[in-house]
Participant: 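Take a look at the following structure, please.
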Amino acid sequence: MKNTSNLILLFLLLVSNSSIFSQGRKIPIAININVKVDTIKTRIYKKENSDENVKTLFLKMRYGDSEILNPKDAAILEEGSCNIISVEIVYTNYKNQDIQDNINRKRITELYFLNSNIFNQSFIQWKYIEQLGYSTEEDAKKLFHGIVINYIKMPSYKPESLKSMITDIKNKKKIIDTSLYKVFDKYINSKDELICVDVTGSMTPYYLQVLVWLQLKNSSIPTNFSFFNDGDITPDYLKKIGNTGGIYLCKSNNIDTIISTVFNCISKGFGGDTPENNIEAALKGIKKYPETKEIIMLVDNWADMRDFSMISELKIPVRVIVCGTDYCGIKTSINLQYLELARKTGGSIHTIKEDIEDLAKKKEGEEILIGGDKFIVRSGKFCKK
C-alpha cells in the first residue's frame, strides 16, 4: 500500500545572542522543511538492497521516541561526497495517528539537526514505512524503528592525488569520455565562450576530461575559464547567495596555466554542502571576460544551484553539460534547475546520449523527452510529468 503527501515542517529555534545584549536573550529563528513523502505499509520492515554500489545507514530510535541512539554513525555521510538516494522513516503506528504524525515530525527534525545538508538534495525519495506486524505494544517494541538512509559514496580526491592524474593527462593517457568531447568540438571556438566548471569532489572524472580535451586540442587561441568550488572552506552557514566565493578565473591556451588554476581552486576547498554557486561563477566570468557570447557549464546533476534565484541576471545562452545522470548504474532524471537554466537563457542541455536544443521555444503544455523521462511546461516552467 502506498500513498503520497507533502510534509511541511515549520519550527522555531530559540538562539541565544549575548554579543548584543549584555545578559543575552533568546531570538526565534524559523526553519522550514518541505518534502514529498510516500507512505508504504508493510508487515515488518526488511532492508533489501541488491546493488553493491548503494550503502545503507541505520539511525536507530526507540519505539514512540525521536532520539537518535547512534548519531556518531552519521559521520560517514560527511566523509567525502555522498549522494543520497532515499530516506526512510520506519515506525509502527500502534497508538493514535495524530500522535504518530507528531513523532515522525520530531524524527525528521532530529535528522535536520544531525545533518541539514540532507535536505538540500533534490533527488532524495522520502518514505514513511509503517509496520503492521504486531498485536501488542510489547511486540511493536521488538521491531526496528528509526531512519534508514540509502546513499552512493562518491570518489573523494585530495589535491595531492590529482598531481598523478594531471601527469597522466600531460602524457595523453586516455580518460573515458562521457559527453564532453562532442560538445566541446561542436561549440567551442576558444574566442567568445566561457567554460564554467564545477570542481567540487564528485566532479573529478568530468573536469579531468576538460583538461584532456584541451591537451589534445592544443589550440593556439586562449580560452576563458571560470572554475568554482562553492566558497573555498567557508562554513556553510556563512555562504551568501551571489557572494559565496571560491571562483578562480583564467584566460589561456597553455595547459600548464589552466591546470595550475584548477589545482589552486581544488586546493582551496571541496565545497562543503551540496548546493553550488554556478550562477555566481558564470557572472564573475562574464564580468572578467566581457567578450563572452556563450557559456558552456559543467554541472553535477545531483547538486542544486545555491543561486538559482539569480538566473535572470544571465543574459547570454548557457549550454549545460549534465554530469552524473547515470552513476554506477543509478540513473536520475535531469535536475529541473538545470533544465530551467538552459531554457531561460536560450541555451541547451547535453548528456552522454542527447543534445536538447531550442528549449526556450517550448510553449505552455508542450512536452520533451530526455533520457526516457517526460517533462512538460506548466505555469511557465518545466515540470517532470
Side-chain angles (χ1 to χ4, degrees), residues 120-123 179-180 183-184 186-188 192-200 202-203 206-207 210 224-230 239 241-242 244 246-247 271 273-287 289 292-325 332-352 354-364 366-371 373-385:
N120 292 325
Q121 300 189 31
S122 59
F123 285 111
S179 75
L180 301 184
V183 178
F184 280 19
K186 185 175 182 179
Y187 296 109
I188 293 180
D192 50 19
E193 290 87 12
L194 171 69
I195 301 179
C196 194
V197 186
D198 176 354
V199 298
T200 53
S202 60
M203 287 291 288
Y206 307 102
Y207 64 69
V210 175
N224 304 319
F225 294 95
S226 177
F227 301 103
F228 61 98
N229 65 28
D230 192 52
K239 294 177 181 178
I241 293 176
T244 300
I247 299 167
D273 57 355
T274 303
E276 314 293 2
N277 57 334
N278 305 63
I279 306 301
E280 179 190 355
L283 291 172
K284 290 196 174 181
I286 294 170
K287 184 177 180 180
Y289 311 114
T292 300
K293 295 180 181 178
E294 189 173 74
I295 297 169
I296 295 178
M297 182 181 291
L298 273 72
V299 304
D300 181 355
N301 193 55
W302 291 77
D304 289 350
M305 289 181 276
R306 180 183 307 283
D307 40 24
F308 180 69
S309 59
M310 297 172 61
I311 284 181
S312 61
E313 297 184 34
L314 285 174
K315 307 299 183 184
I316 59 177
V318 180
R319 297 193 181 277
V320 184
I321 300 177
V322 185
C323 306
T325 56
T332 56
S333 59
I334 295 294
N335 189 314
L336 289 174
Q337 287 194 353
Y338 295 119
L339 197 53
E340 281 300 295
L341 173 61
R343 177 174 178 267
K344 289 184 177 180
T345 62
S348 54
I349 288 285
H350 304 271
T351 69
I352 189 171
E354 298 175 279
D355 300 306
I356 312 298
E357 307 270 2
D358 299 326
L359 291 169
K361 296 180 180 179
K362 298 298 180 182
K363 299 178 182 179
E364 187 73 16
E366 286 194 62
E367 297 180 7
I368 59 172
L369 186 68
I370 307 177
D373 296 308
K374 285 185 178 180
F375 300 88
I376 186 170
V377 180
R378 287 180 180 159
S379 302
K381 63 181 181 179
F382 275 114
C383 302
K384 189 175 180 182
K385 191 173 180 182

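When a residue number appears, it is its place in the shown sequence, counting from 1. Owing to the predicted nature of the structure, the values given are computational and were not obtained by experimental measurement.
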Participant: State, to 0.1 Å, how close I247 and S226 come at their nearest heavy-atom pair, and which atoms those are.
Facilitator: CG2-OG, 3.6 Å
Participant: For the atom pair CZ (F375) and CD1 (I368), what is the distance rounded to the nearest 0.5 Å?
Facilitator: 6.5 Å
Participant: Taking the side chain from E364 and the backbone from S379, do they hold a donor-acceptor pair closer than 3.5 Å?
Facilitator: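 Side chain of E364 to backbone of S379: a pair is present.
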Participant: With respect to V210, which candidate in L298, V199, I296 satisfies the side-chain contact (heavy atoms from CB on, under 4.5 Å) definition?
Facilitator: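 The residue from L298, V199, I296 that satisfies side-chain contact (heavy atoms from CB on, under 4.5 Å) with V210 turns out to be L298.
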Participant: Looking at E354 and G371, what are the two nearest heavy atoms and their distance?
Facilitator: OE1-N, 2.6 Å
Participant: What are the two closest non-hydrogen atoms of I349 and Y338, and how far apart are they?
Facilitator: CD1-O, 3.5 Å
Participant: Could you pull out all residues at least two apart from N277 that satisfy side-chain hydrogen bond (donor to acceptor under 3.5 Å, both in side chains)?
Facilitator: E280
Participant: Identify, with sequence neighbours excluded, every residue that meets side chain to side chain contact (heavy atoms under 4.5 Å, CB included) alongside K374.
Facilitator: E367, L369, K385
Participant: Does the E366 side chain pair with the main chain of K363, one donor and one acceptor, at a distance under 3.5 Å?
Facilitator: yes
Participant: Donor-acceptor pairs are to be reported for all side-chain atoms of residues 310-320 against protein atoms at under 3.5 Å, with residues two or more places apart or in another chain.
Facilitator:
from: K315; atom 1: NZ; to: S312; atom 2: O; distance (Å): 2.8
from: R319; atom 1: NE; to: E294; atom 2: OE1; distance (Å): 3.4
from: R319; atom 1: NE; to: E294; atom 2: OE2; distance (Å): 3.1
from: R319; atom 1: NH1; to: S348; atom 2: OG; distance (Å): 2.8
from: R319; atom 1: NH1; to: E357; atom 2: OE1; distance (Å): 3.2
from: R319; atom 1: NH2; to: E294; atom 2: OE2; distance (Å): 3.4

Participant: Taking only residues two or more places apart in sequence or in another chain, which ones pass side chain to side chain contact (heavy atoms under 4.5 Å, CB included) with K287?
Facilitator: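 Residues passing side chain to side chain contact (heavy atoms under 4.5 Å, CB included) with K287: none at all.
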Participant: With sequence neighbours excluded, what pairs up with D355 under the side-chain hydrogen bond (donor to acceptor under 3.5 Å, both in side chains) test?
Facilitator: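 D355: side-chain hydrogen bond (donor to acceptor under 3.5 Å, both in side chains) contacts with H350.
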Participant: Can you name the residues that form a ring-ring contact (aromatic ring centres under 6.0 Å, His included) with F228, not counting sequence neighbours?
Facilitator: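 Testing F228 for ring-ring contact (aromatic ring centres under 6.0 Å, His included), a comparison that skips the adjacent residues, returns none.
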Participant: Testing the basics here: between G324 and N301, what is the closest heavy-atom pair and its distance to 0.1 Å?
Facilitator: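 Where G324 meets N301 most closely, the heavy atoms are C-CB, 4.4 Å.
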Participant: Considering residues at least two apart in sequence or located in another chain, which fulfil the side-chain hydrogen bond (donor to acceptor under 3.5 Å, both in side chains) criterion with D304?
Facilitator: S122, N335
Participant: List in chain and number order the residues that pass ring-ring contact (aromatic ring centres under 6.0 Å, His included) with F123, two or more places apart in sequence or in another chain; answer none if no residue qualifies.
Facilitator: W302
Participant: How would you list, by chain and number, every residue that makes a ring-ring contact (aromatic ring centres under 6.0 Å, His included) with F227, sequence neighbours excluded?
Facilitator: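 ring-ring contact (aromatic ring centres under 6.0 Å, His included) check on F227 returns F225.
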